[in-house]
Amino acid sequence: MIIVDVLWKLFPLYLFGSGRESLSESILQIIPDTMASSPPKILCDAGESDLCRDDSAAFLLKFVAIASILIAGAAGVAIPLVGRNRRFLQTEGNLFVAAKAFAAGVILATGFVHMLAGGTEALSNPCLPDYPWSKFPFPGFFAMVAALLTLLVDFMGTQYYERKQERNEAVSEAAVVEPGREETSVVPVVVERVNDDKVFGEEDGGGIHIVGIRAHAAHHRHSHSNGHGTCDGHAHGHSHGLGHVHGSSDVENGARHVVVSQILELGIVSHSIIIGLSLGVSQSPCTIRPLIAALSFHQFFEGFALGGCISQAQFRNKSAAIMACFFALTTPIGIGIGTAVASSFNSHSPAALATEGILDSLSAGILVYMALVDLIAADFLSKRMSCNTRLQVVSYVMLFLGAGLMSALAIWA
């Protein structure tokens with residue numbers, strides 16, 4: 001194909017050229033340009049061509065990688081789950097918030113610096129056909145689509161769990177008979193807003209009995225709108241309905257943590273498979289060695305963030321264990337699959353490049369959304385953070401430190 005291109009460009013020079021010297025100079029200029037503009041077919045059809053290639057050494061290093069990454073991921077996701085019953089590692093403690101900020105920085109850098117950059121590199125590879133891959137910025141587009149779809153799933157999932165817990169709350173409240181009152185039949189009360197900014201069905205003291213979760217939240221907002229309940233941790237204007245109001249807030253937070261933990265695991269698992277396959281198909285010890293350290297570091301702190309979300313969602317022990325094991329095993333399974341197909345896998349084929357680039361870009365969008373919206377914004381814009389200057393400083397330092405260290409790992413892996 002290169003020879004045909006050279007002859008095609010030399011044909012007009014042969015017909016209209018001024019002499020043999022100019023023709024020879026043109027040949028010296030055209031051949032290098034033609035070879036540079038079209039990738040060698042040998043490179044695209046061949047597998048990994050690396051001077052450091054050593055199949056036996058790479059095979060042993062993959063076993064080391066599986067063990068190291070499995071231990072790191074399991075330890076990271078287990079610490080918050082085990083520590084939720086320990087005073088030192090409780091999810092409500094400042095230490096956990098600071099460590100979670102570091103993990104959020106790691107996830108953010110993974111999305112921007114590693115996954116999006118990897119997707120861009122794969123989809124701009126010269127072995128891919130020019131149309132359509134060079135005609136449109138697909139990596140950023142796929143990342144944007146993934147972020148928007150994650151937002152949609154996040155919203156719909158939160159709505160679903162809130163309504164589900166609202167029904168459970170209504171059933172449990174209807175079965176409760178207040179002390180000092182005669183047992184009577186429970187009559188449902190319709191929740192609506194009236195002109196005096198009171199919730200229909202509210203008693204003069206502010207207590208609400210048989211109402212839905214939205215009414216609880218509205219009463220909570222109304223009680224705090226008077227300027228009370230700031231950083232001192234007290235909310236004035238409440239009466240015996242206080243327990244109901246804060247209970248509804250706990251319900252909303254619980255539903256939110258359930259959705260966040262599930263979406264975060266989806267994003268982490270999707271790119272863990274990709275990086276596991278990438279390591280598994282490599283036959284170069286020079287490539288695998290730095291990946292072992294980088295992926296172990298990466299898996300530990302991603303596992304810590306995921307374990308914290310699972311712990312805050314208050315799943316049952318069985319469900320939490322399943323989610324933790326699923327995360328810890330994903331990358332080792334990807335390495336095993338990659339090792340099994342390494343002999344027949346061509347990482348430069350158009351199908352492999354397109355698949356890798358699309359999945360990397362989608363994973364980048366999910367991870368960036370989760371890091372910014374559900375991890376960073378949820379903690380850094382909270383009342384707890386705004387009322388604790390020392391916690392703010394430590395959390396920001398840990399956030400930038402995690403993002404910086406994970407970005408620096410891109411030098412080697």
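All values derive from a computational prediction rather than experimental measurement.
- Put simply, the side chain of Asp360 does not reach to within 4.5 Å of the side chain of Thr120, judged on heavy atoms.
- Residues in residues 259-272 take part in no salt bridge (charged side-chain N to carboxylate O under 4.0 Å, His left out) pair, two or more places apart or across chains.
- Smallest separation of non-hydrogen atoms from Gly73 and Ala328: C-CB, 4.4 Å.
- With values rounded to the nearest 0.5 angstrom, Phe63 atom CZ is found 4.0 Å from Phe59 atom CZ.
- Atom CD of Glu121 has 12 or fewer neighbouring heavy atoms from other residues, nucleotides or ligands inside a 6.0 Å radius.
- A distance of 10.5 Å separates OG1 of Thr331 from CD1 of Ile66, quoted to the nearest 0.5 Å.
- Scanning all heavy atoms of the two residues, the minimum distance from Gly119 to Ser361 falls at CA-OG, 3.9 Å.
- For the pair Pro332 and Ile69, the tightest heavy-atom approach, listed with the atom from each and the gap, is CD-CG2, 4.4 Å.
- Remark: Tyr160 engages no residue in a ring pair (Phe, Tyr, Trp, His ring centres under 6.0 Å) (not counting sequence neighbours).
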task = Kindly indicate, with the supporting measurements, whether the criterion side-chain contact (heavy atoms from CB on, under 4.5 Å) is fulfilled by Tyr369 and Met144.
result = CA-CA 9 Å; Tyr369 173 88; Met144 179 192 70; over 6 Å; no
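- Panel note: side chain Ser270, backbone Gly267; a donor-acceptor pair is recorded below 3.5 Å.
- Between atom CD1 of residue Ile333 and atom CD1 of residue Ile273 there is a gap of 6.5 Å, rounded to the nearest 0.5 Å.
- For Val145, the side-chain contact (heavy atoms from CB on, under 4.5 Å) test picks out Phe141, Leu149, with sequence neighbours left out.
- Looking at residues two or more places apart in sequence or on another chain, you find a side-chain contact (heavy atoms from CB on, under 4.5 Å) between Ala352 and Phe345, Ser349.
- Side-chain atoms of Gln392 come within 3.5 Å of backbone N or O of Ser386 as a donor-acceptor pair.
- Contact of the Val97 side chain with the Ser395 side chain is registered, since non-hydrogen atoms from C-beta on lie closer than 4.5 Å.
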Under 3.5 Å, which donor-acceptor pairs do the side chains of residues 303-310 form with other protein atoms, sequence neighbours left out?
none

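- At least one side-chain heavy atom of Ile263 sits under 4.5 Å from a side-chain heavy atom of Val153.
- Not a single donor-acceptor pair under 3.5 Å links the side chain of Asn125 to the backbone N or O of Leu128.
- Counting heavy atoms from C-beta on, the side chains of Ile79 and Phe300 come closer than 4.5 Å.
- For the ring pair (Phe, Tyr, Trp, His ring centres under 6.0 Å) test, residues two or more places apart in sequence or in another chain that qualify with Phe138 are Trp133, Phe136, Phe142.
- Under the side-chain contact (heavy atoms from CB on, under 4.5 Å) criterion, Leu279 pairs with Lys62, Ala65, Ile288, Leu291, Leu295, Ile335, sequence neighbours left out.
- Under the rule for a side-chain contact (heavy atoms from CB on, under 4.5 Å), the partners of Ala57 that lie at least two apart in sequence or sit in another chain are Asp54, Pro285.
- Within the model, atoms OG1 of Thr339 and CG of Asp55 stand 11.0 Å from one another, a figure rounded to the nearest 0.5 Å.
- Contact detail for Ala98 and Val394: the closest heavy-atom pair is CB-CG1, 3.9 Å.
- Residues Gln262 and His257 form no side-chain contact, since every pair of their non-hydrogen atoms from C-beta on lies 4.5 Å or further apart.
- The local environment of CZ in Arg384 is crowded, with over 12 non-hydrogen atoms from other residues, nucleotides or ligands closer than 6.0 Å.
- Applying the ring pair (Phe, Tyr, Trp, His ring centres under 6.0 Å) criterion to Phe102, with sequence neighbours excluded, gives Phe301.
- Remark: the backbone N or O of Ile274 is paired with a side-chain donor or acceptor of Ser278 at under 3.5 angstrom.
- A heavy-atom distance below 4.5 Å is not found between the side chains of Val259 and Phe155.
- The CE atom of Met370 sits 9.0 Å away from the CG atom of Leu266 when rounded to the nearest 0.5 Å.
- Minimum interatomic distance between Ala72 and Ser296 (heavy atoms only, all atoms of both residues): CB-O, 3.4 Å.
- At distances below 3.5 Å, not a single donor-acceptor pair connects side-chain atoms of Ser319 with backbone N or O atoms of Phe315.
- Among residue pairs with one or both ends in residues 134-157, those qualifying as salt bridge (charged side-chain N to carboxylate O under 4.0 Å, His left out) are Asp154-Arg256; sequence neighbours excluded.
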ask   = Run the side-chain contact (heavy atoms from CB on, under 4.5 Å) check on Lys164 and Gln159 step by step: do they pass?
value = CA-CA 9 Å; Lys164 181 179 179 180; Gln159 292 289 310; over 6 Å; no
Throw together a table of side-chain donor-acceptor distances under 3.5 angstrom for residues 103-116, partners on residues two or more places apart or in other chains.
| residue | atom | partner | partner atom | Å |
| --- | --- | --- | --- | --- |
| Thr110 | OG1 | Val106 | O | 2.7 |
| His114 | NE2 | Met406 | O | 2.8 |

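- Among residues two or more places apart in sequence or in another chain, the ring pair (Phe, Tyr, Trp, His ring centres under 6.0 Å) test is passed with His298 by His271.
- Smallest separation of non-hydrogen atoms from Gln299 and Ser272: OE1-OG, 3.6 Å.
- For the atom pair CG (Leu81) and CG (Asn317), the distance works out to 9.0 Å, reported to the nearest 0.5 Å.
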task = Test Leu353 against Leu123 for side-chain contact (heavy atoms from CB on, under 4.5 Å), laying out the working first.
result = CA-CA 7 Å; Leu353 290 169; Leu123 294 181; over 6 Å; no
